[in-house]
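Heads up, the thing below is written out as structure tokens.
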Number of protein chains: 2
Amino acid sequence: MSTHSEIHETSSAVQDYAKAIYALEQRADAPVSTNALAGRMDVTAASATSMVKKLDGLGLVTHVPYRGVRLTEPGRRLALEVLRHHRLLELYLAETLDVPWDRVHEEAEVLEHVLSEELEALIAAKLGNPTHDPHGDPIPSPDGHVEELATSSLQELQPGARGVFVRVSDSDSEMLRYLAERGITPGAALEVIDRQPFDGPLFARFGDQVHVLGGDLARAMRVEVTG
Amino acid sequence: MSTHSEIHETSSAVQDYAKAIYALEQRADAPVSTNALAGRMDVTAASATSMVKKLDGLGLVTHVPYRGVRLTEPGRRLALEVLRHHRLLELYLAETLDVPWDRVHEEAEVLEHVLSEELEALIAAKLGNPTHDPHGDPIPSPDGHVEELATSSLQELQPGARGVFVRVSDSDSEMLRYLAERGITPGAALEVIDRQPFDGPLFARFGDQVHVLGGDLARAMRVEVTG
DNA sequence: AAACAGGTTTAGATATGGCAAAATCCAGTT
DNA sequence: AACTGGATTTTGCCATATCTAAACCTGTTT
């Protein structure tokens with residue numbers, strides 16, 4: 001009945017699956033399909049199935065065959081702990097080691113699994129126990145609370161919509177670099193000007209610059225809608 | 001023919017074995033026995049044998065059955081790269097995150113395997129490209145050079161011998177903590193006062209304090225002999 | 001109701017690293 | 001030269017996490 005965390009009794013793979021299921025559940029409040037999970041983890045559906053069965057055995061998810069998977073409360077806590085590691089590390093690497101923003105995600109991706117609780121606490125303290133990263137993304141608290149604000153894909157917004165560009169799905173570093181080169185970084189306010197049909201390009205204004213964004217890119221960009 | 005490093009194509013296990021063989025070869029310039037390696041890695045001799053065969057296949061060691069194992073030049077380079085990661089991380093954690101000295105070893109032990117070359121470079125730069133850690137232990141250069149000074153076990157010194165306590169074998173944190181509580185830290189000058197026979201206690205002077213050290217402890221303490 | 005197309009799960013295989021038990025080698029006695 | 005004890009290797013097994021290929025559901029269309 002303690003808030004004791006199980007993160008150290010789980011493999012990196014289990015942690016990654018929990019994190020992926022959390023992210024996918026987030027997007028649409030519904031069970032996560034094996035295919036979606038496999039796609040996100042970049043493994044075959046067969047691999048996803050067997051890992052899902054393992055997570056189920058560990059009590060981290062409930063799996064209804066052919067119907068998808070949902071995190072249990074312990075599973076959600078695990079995912080949030082890993083996410084806390086990840087976001088603290090991103091912030092820490094960027095702030096104190098000047099790791100470029102389009103690289104911190106990849107570094108954090110591997111470090112998050114080996115970060116001890118002691119180091120986590122020291123890093124959090126060093127950063128002043130932040131609750132949000134510089135993009136506005138919330139950092140889960142040590143006891144597993146977050147206030148995740150709902151985001152939309154830029155692609156699905158109508159002309160006239162305004163919002164704040166929050167992040168790129170999976171922090172794809174190619175996309176982040178491409179956007180950064182054009183002066184677009186997370187945190188930027190934007191307004192959708194126009195959208196061509198048939199998955200055509202989307203015109204959006206950032207500051208006083210209008211940019212044309214292709215389908216895949218606009219789909220990956222997550223926006224907090226403000227009006 | 002480049003100085004390109006193979007560290008990222010090897011598993012953590014392979015890296016750990018290379019590091020262990022390097023350390024054991026260091027102590028006595030002789031082939032490393034399977035048993036010694038198994039003891040150091042805390043695995044069975046059977047496991048050590050099969051890993052040795054794998055390292056041999058990778059060209060990292062030369063293994064003569066029943067005769068022990070030695071690092072090849074690529075194997076030595078790999079070991080030194082991991083050691084560089086390890087010592088840079090120890091220094092970094094202690095300096096910038098105030099991780100207590102008796103804990104940095106364990107943290108570095110896992111981080112060393114996932115540290116990217118980019119982060120390594122950034123950390124080294126942040127620390128001013130150090131060549132030695134605060135104890136005087138040399139940090140291998142990026143291109144695989146070290147000047148390792150020969151150390152002796154405190155246990156094997158004769159009364160009257162003087163030296164500098166450099167480190168505890170395997171950085172055993174229990175021992176480091178025990179010694180720190182008594183004011184003995186790496187870097188301390190010492191003189192052996194007396195040694196009782198039959199693996200009896202050893203009397204050594206650190207500053208103006210004489211301490212009595214038991215067999216296992218004295219055996220684990222490595223000393224750079226100065227006179 | 002039968003068929004079809006996807007998505008999902010099972011079955012069987014692979015690579016890593018580990019262990020225990022059995023077989024084998026080596027060196028130092030008798 | 002045979003014996004013997006400790007070190008070493010071989011053999012067969014386990015767990016993790018992945019894959020391919022085959023079998024199996026499910027919902028929709030015919």
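A quick note: this is a predicted structure, and the numbers were derived from the prediction, not measured. Here is the naming used below: chain letters follow the sequence lines, and residue numbers restart at 1 for every chain.
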Identify whether the distance between the nearest side-chain nitrogen and carboxylate oxygen of A:E81 and A:R77 falls below 4.0 Å. no
Pairs under 3.5 angstrom, nitrogen or oxygen only, protein versus nucleotides 20-26 of chain D, please.
from   : atom 1 : to    : atom 2 : distance (Å)
D:dT26 : O3'    : A:R67 : NH2    : 3.1

Distance check needed: D:dC19 P versus A:M51 CE, whole Å only. 12 Å
For the pair B:R103 and B:E106, find out whether any cationic side-chain nitrogen is under 4.0 Å from an anionic carboxylate oxygen. yes
Is the distance from OP1 or OP2 of C:dG6 to the nearest side-chain N or O of A:N35 less than 4.0 Å? no
Whole Å only: how far is the CG atom of B:L55 from the P atom of D:dT9? 13 Å
What integer distance in Å separates B:D42:CG from C:dG18:P? 10 Å
Using only side-chain N and O atoms of A:K53, determine if any of them is under 4.0 Å from OP1 or OP2 of C:dT9. no
From NZ of B:K54 across to P of D:dT10 the rounded distance in Å is 16 Å
Go through D:dT8, C:dT9, C:dG17 for me and flag the one nearest to the A:T49 side chain. C:dT9
Determine the contact category for B:T34: base if any of its heavy atoms lies under 4.0 Å from a base atom, sugar-phosphate if only primed atoms, P, OP1 or OP2 are that close, otherwise nothing. sugar-phosphate
Salt-bridge test for A:E109 and A:K19: reply yes if a basic N is under 4.0 Å from a carboxylate O, no otherwise. yes
Without decimals, in angstroms, what is the distance between A:D56 CG and C:dT10 P? 12 Å
Evaluate the side-chain proximity of B:S12 to B:V114: yes if any heavy-atom separation is below 4.5 Å, no if none is. no
Write down the distance between OH (A:Y17) and C1' (D:dT18), rounded to a whole number of angstrom. 8 Å
Which part of the nucleic acid does A:S50 contact within heavy-atom distance under 4.0 Å: base, sugar-phosphate only, or nothing? base
Do the side chains of B:L89 and B:L111 get nearer than 4.5 Å, heavy atoms only? yes
Please report the C-alpha distance between A:V223 and A:V166 in whole Å, then the side-chain angles of each, then the deciding distance to 0.1 Å, and finally whether the side chain to side chain contact (heavy atoms under 4.5 Å, CB included) criterion is met. CA-CA 5 Å; A:V223 175; A:V166 173; over 6 Å; no
Compare side-chain N and O positions of A:H63 against OP1 and OP2 of C:dT9 and report whether any pair is under 4.0 Å apart. yes
Residues, nucleotides or ligands: over 12 heavy atoms within 6.0 Å of A:D98 CG: yes
Please report the distance, rounded to the nearest Å, between CG in B:L37 and P in C:dG18. 10 Å
